[in-house]
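Worth saying up front: this structure is predicted, and the values here are computed from it rather than measured. Below, read A as the first sequence line, B as the second, and so on, with proteins coming before strands; counting in each chain starts at 1.
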Protein chains: 2
Amino acid sequence: MRGTDHRSRITRLLIRRALTELLRQKPLQSITVKELCEVAGINRGTFYAHYIDLYALREEMEGEMLQDFQQALSPLLEEEQPDERTPLKITAGIFQCLKDNAEVCTMTLGPYGDKAFAAKLINIGREKCVDSYRRYFTNASRKQLEYYYAFVSAGCIGLLEKWLSEGMTSSAEEVAEIAQGIMMSGVGFLGQAKGAERSGDREDA
Amino acid sequence: MRGTDHRSRITRLLIRRALTELLRQKPLQSITVKELCEVAGINRGTFYAHYIDLYALREEMEGEMLQDFQQALSPLLEEEQPDERTPLKITAGIFQCLKDNAEVCTMTLGPYGDKAFAAKLINIGREKCVDSYRRYFTNASRKQLEYYYAFVSAGCIGLLEKWLSEGMTSSAEEVAEIAQGIMMSGVGFLGQAKGAERSGDREDA
DNA sequence: AAGGATAAACAACAGGGTGTTCATTTTTAG
DNA sequence: CTAAAAATGAACACCCTGTTGTTTATCCTT
């Protein structure tokens, strides 16, 4: 990588914006360096002065998103104020962080996103969550805990994709409540089933 | 596509096997026609005699998997024997079908799989499921139903990926029970939480 | 079994993207 | 203002692509 020159920073910004733009339309593998440089309005040689290839570029951007993500999460996961961090607040914090990084989310988790990155995201939370489950559900088998995590982590990303596809019009809290509700109660989240109906108090609009 | 000649069928078999083989190692976009032909042991020109490009090849294979899938599902979804098709049996049938098509599943849903195909799979069940939900959960909003489906369909695919990564050692029924359990009860699937413990009857080994 | 038809193998081609190098111009920083 | 750093444009050999034309092998029919 080149230095912290004013021009260097601008060039890298142009490159990143071009990639974000192009990843809205097609997968990385269908994007050529030449194409990206035309969109960015820079010389092709200049690209190679900054990055080895398109994959290195995406990796850098994903890495920064990952840092943001972990940083935004750390206060929520700290041991110091266990009274403050209710499950819902943690979930809401996660979705808020995702909303703040909407562009990168689209890039990495949208239709032309990077499956490997999604897997990485999931893995970050895995141990912590499974350990946490294990403390509360002492009778569940390790296998059950792992499968539960596999399901709900993928489910959350599916939810996020849906949210993205709708332009993230709902608030982070709202989506977090949905995720929370499903993870906690399954279909129970949808309210009383027909036939077992009662004077319903539910949480929809 | 060429005719049904004996040689043609063998050639196509070789091509398909080569693609399946290569997709274990890298995404389609990183595979060249040249490479595939070397693996398949055929001439590069011969490939173009059968397929337009690698994407057409994959599409054909995915299409066949999709047909298998819908065919395996149709008896489960028919209206004729509604007493036979309990939710668990349907779910088990789905996972059994996925297990029968393990190779294609790895190809399309594994680490180097095709996000678009997963999305297509999800969309197939969407309307049917949401309509079905709507009948049972008359008080839930459309948005809740859609978000619930987005979550659990993605969750099921996440579960499938986990299952695949473990070589599908568990039975289809077992995985179906897990999926069913989570979808129905959320964390409740994991048994009684600590603090609210009672003489537990759970379903693990 | 012979012969016409079909498909595969082979070779050659232009076209386009890659990654690198070099000389040149522009911009930044001291 | 000057020297260093960065961007540019052009050129390059390389590899993959997709196509075409020719030759060889295999098939199906008679």
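Atom CD1 in B:Ile31 sits roughly 15 Å away from atom C1' in D:dC16 (whole-Å rounding). Summarising the geometry, the separation between CD1 on A:Ile10 and C1' on C:dT26 is reported as 13 Å, rounded to the nearest angstrom. As a whole-Å value, the separation of A:His6 NE2 from C:dT26 C1' is 15 Å. Following rounding to the nearest Å, A:Arg7 (CZ) and C:dT26 (P) show an atom-to-atom distance of 13 Å. Separating the NZ atom of A:Lys34 from the P atom of D:dC14 is a distance of 21 Å, rounded to the nearest angstrom. When rounded to the nearest whole Å, the span between CD1 of A:Ile15 and C1' of D:dA7 equals 11 Å. Across the protein-nucleic acid pair, B:Leu28 atom CG and D:dC16 atom P stand 16 Å apart, rounded to whole Å. We find that CD of A:Gln29 is positioned 16 Å from C1' of C:dG17, with the value rounded to whole Å.
Minimum atom distance to the side chain of A:Asp5 is reached by C:dT28, of the listed C:dT18, C:dT28, D:dC16.
Using a cutoff of 4.0 Å between basic side-chain nitrogens and carboxylate oxygens, B:Lys143 and A:Glu174 are scored as salt-bridged. Taking 4.0 Å as the cut-off between side-chain N and carboxylate O, B:Glu35 and B:Lys26 count as a salt-bridged pair.
Applying side-chain contact (heavy atoms from CB on, under 4.5 Å) to A:Asn101 and the options A:Met65, A:Glu64, A:Met107, A:Gln96 leaves one that passes, A:Met65.
A donor-acceptor contact closer than 3.5 angstrom links the side chains of B:Tyr147 and A:Glu166. A:Tyr51 and A:Glu60 are linked by a side-chain donor-acceptor pair at a separation below 3.5 angstrom, with hydrogens and angles left out of the test. Between the side chains of A:Gln180 and A:Thr91, at least one donor N or O lies within less than 3.5 Å of an accepting N or O.
Contact detail for A:Lys115 and B:Gly110: the closest heavy-atom pair is NZ-O, 3.2 Å.
Within 6.0 Å of CE on A:Met184 lie no more than 12 heavy atoms contributed by other residues, nucleotides or ligands.
Taking side-chain N and O atoms only, A:Tyr48 has a distance below 4.0 Å to OP1 or OP2 of C:dG19. Within the structure, a side-chain polar atom (N or O) of B:His50 is placed less than 4.0 Å from OP1 or OP2 of C:dA8. Between B:Ser8 and C:dA8, a side-chain N or O to OP1/OP2 separation shorter than 4.0 Å is present.
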Write out a two-atom table: protein N or O, nucleotide N or O from nucleotides 9-13 of chain C, distance below 3.5 Å.
| residue | atom | partner | partner atom | Å |
| --- | --- | --- | --- | --- |
| C:dA9 | OP2 | B:Asn43 | N | 3.4 |
| C:dA9 | OP2 | B:Thr46 | OG1 | 2.2 |

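Bending across the helix from C:dA1-D:dT30 to C:dG30-D:dC1, expressed as the angle between its end axes from five pairs apiece, amounts to 30° (10° rounding).
Listed by chain and number, the residues in a ring pair (Phe, Tyr, Trp, His ring centres under 6.0 Å) with A:Tyr148 are A:Tyr133 (sequence neighbours excluded).
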